[in-house]
Amino acid sequence: MQDAEVRELCELGEFRDVEHLYGGIWPPVPGQGPPVGVELLRAFAHAGNYVAGAYRDGLLVGAAVAFFGAPIGETLHSHVTGALTGSGVGFALKTHQREWALARGLRRITWTYDPLVRRNAYFNLTKLGARPVEYLPNFYGDMVDTVNSGDASDRVLAVWELNDPRVRAAVRREWMPIEPPADAEPALAVRDGRPVLGDTEAEVVLVAVPADIEALRRTDPEVARSWRAALREVLGGLLDEGATVLGFDREAGYLVSRGWVG
């Protein structure tokens, strides 16, 4: 696949394209708009924050919006990153964002993501080398787009330490998938598509997620909500107690240690 061109955006027409792109990725319910509109994009960019688009053959296929966060001078908070399904530009957007932040003397980028979405967890933790540090129950309140509607907006705060050796390796595409140890205990497992609580007191545990939570919200909302409650209890409880997420396996889920691992 041809490499995407990623560049900062500054024109109203470009911001309109981003608004339209986001509206397609997260279709709003009637009477609601996309997650970020033209006016806010204009304000962010004009104030020196990060607004960038990814283009392939001249067509906008992905965009990212971020603003400076605390501690001031050290952190960029990435608010929205979205791309068309199959475009393959998510990695290019994040590496461009990293270079932009480093050029301004920043040390880290933070963002939130839905910890139930398996592909996002794998992308963030394995392909980027980010580390989840905090569980945020119903962080955005009720969301009314057709992707998130009907579910609590629980999120995990991910931290991307830009000069961490694991991150440096990840941006070179030297990915380091985890191998769950044989003695890891299932703290949350899948049985017949439903969550099953296990041993949350073991030193190293596995926390499973469903194969496709977004499809599950449409086909069986009750089971989807049970997954939200179970993950909040297990992963949220572990992070609240100071446990460390070591990585994410596509099949086994989150690998979590109760002891700090640098």
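In this chain, numbering begins with 1 at the start of the sequence shown. Worth saying up front: this structure is predicted, and the values here are computed from it rather than measured.
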With sequence neighbours excluded, tell me which residues meet salt bridge (charged side-chain N to carboxylate O under 4.0 Å, His left out) with Asp154.
Arg232

List for me each residue that meets side-chain hydrogen bond (donor to acceptor under 3.5 Å, both in side chains) alongside Glu222, sequence neighbours excluded, and say none if there are none.
none

Under the salt bridge (charged side-chain N to carboxylate O under 4.0 Å, His left out) test, which residues partner Glu14, sequence neighbours left out?
Arg7

Parallel, tilted or perpendicular: which fits the ring planes of Phe91 and Trp175, with parallel below 30° and perpendicular above 60°?
perpendicular

Under the side-chain hydrogen bond (donor to acceptor under 3.5 Å, both in side chains) rule, collect the residues that match up with Trp111, sequence neighbours excluded.
Asn124

Check: residues 179-190 side-chain donor-acceptor pairs under 3.5 Å, at least two apart:
none

Examine distances only and state if a side-chain atom of Asp164 and a backbone atom of Arg166 form a donor-acceptor pair shorter than 3.5 Å.
yes

Contacts of type ring pair (Phe, Tyr, Trp, His ring centres under 6.0 Å), residue Tyr122, not counting sequence neighbours
none

Over 60° means perpendicular and under 30° means parallel, so classify the ring planes of Tyr50 and His96, tilted if in between.
tilted

Residues in salt bridge (charged side-chain N to carboxylate O under 4.0 Å, His left out) with Arg172, at least two apart?
Glu174

Electrostatic pair Arg228:Asp114 at N-O distance under 4.0 angstrom:
yes

Arg168: side-chain hydrogen bond (donor to acceptor under 3.5 Å, both in side chains) partners, not counting sequence neighbours:
Asn163

Judged by atom type as modelled, is there a donor-acceptor pair below 3.5 Å linking the side chain of Ser87 to the main-chain atoms of Ala83?
no

Non-neighbouring partners of Tyr113 that pass ring pair (Phe, Tyr, Trp, His ring centres under 6.0 Å), sequence neighbours left out
none

List in chain and number order the residues that pass ring pair (Phe, Tyr, Trp, His ring centres under 6.0 Å) with Phe68, two or more places apart in sequence or in another chain; answer none if no residue qualifies.
Trp100

Sorted by chain and number, sequence neighbours left out, side-chain hydrogen bond (donor to acceptor under 3.5 Å, both in side chains) with Arg119 holds for Glu214

Using the salt bridge (Lys or Arg N to Asp or Glu O under 4.0 Å) rule, collect all pairs that involve residues 63-80, keeping only residues at least two apart or in two chains.
Glu74-Arg107, Glu74-Arg108

Can you check whether Tyr135's main-chain N or O pairs, donor with acceptor, with Arg155's side chain at less than 3.5 Å?
no

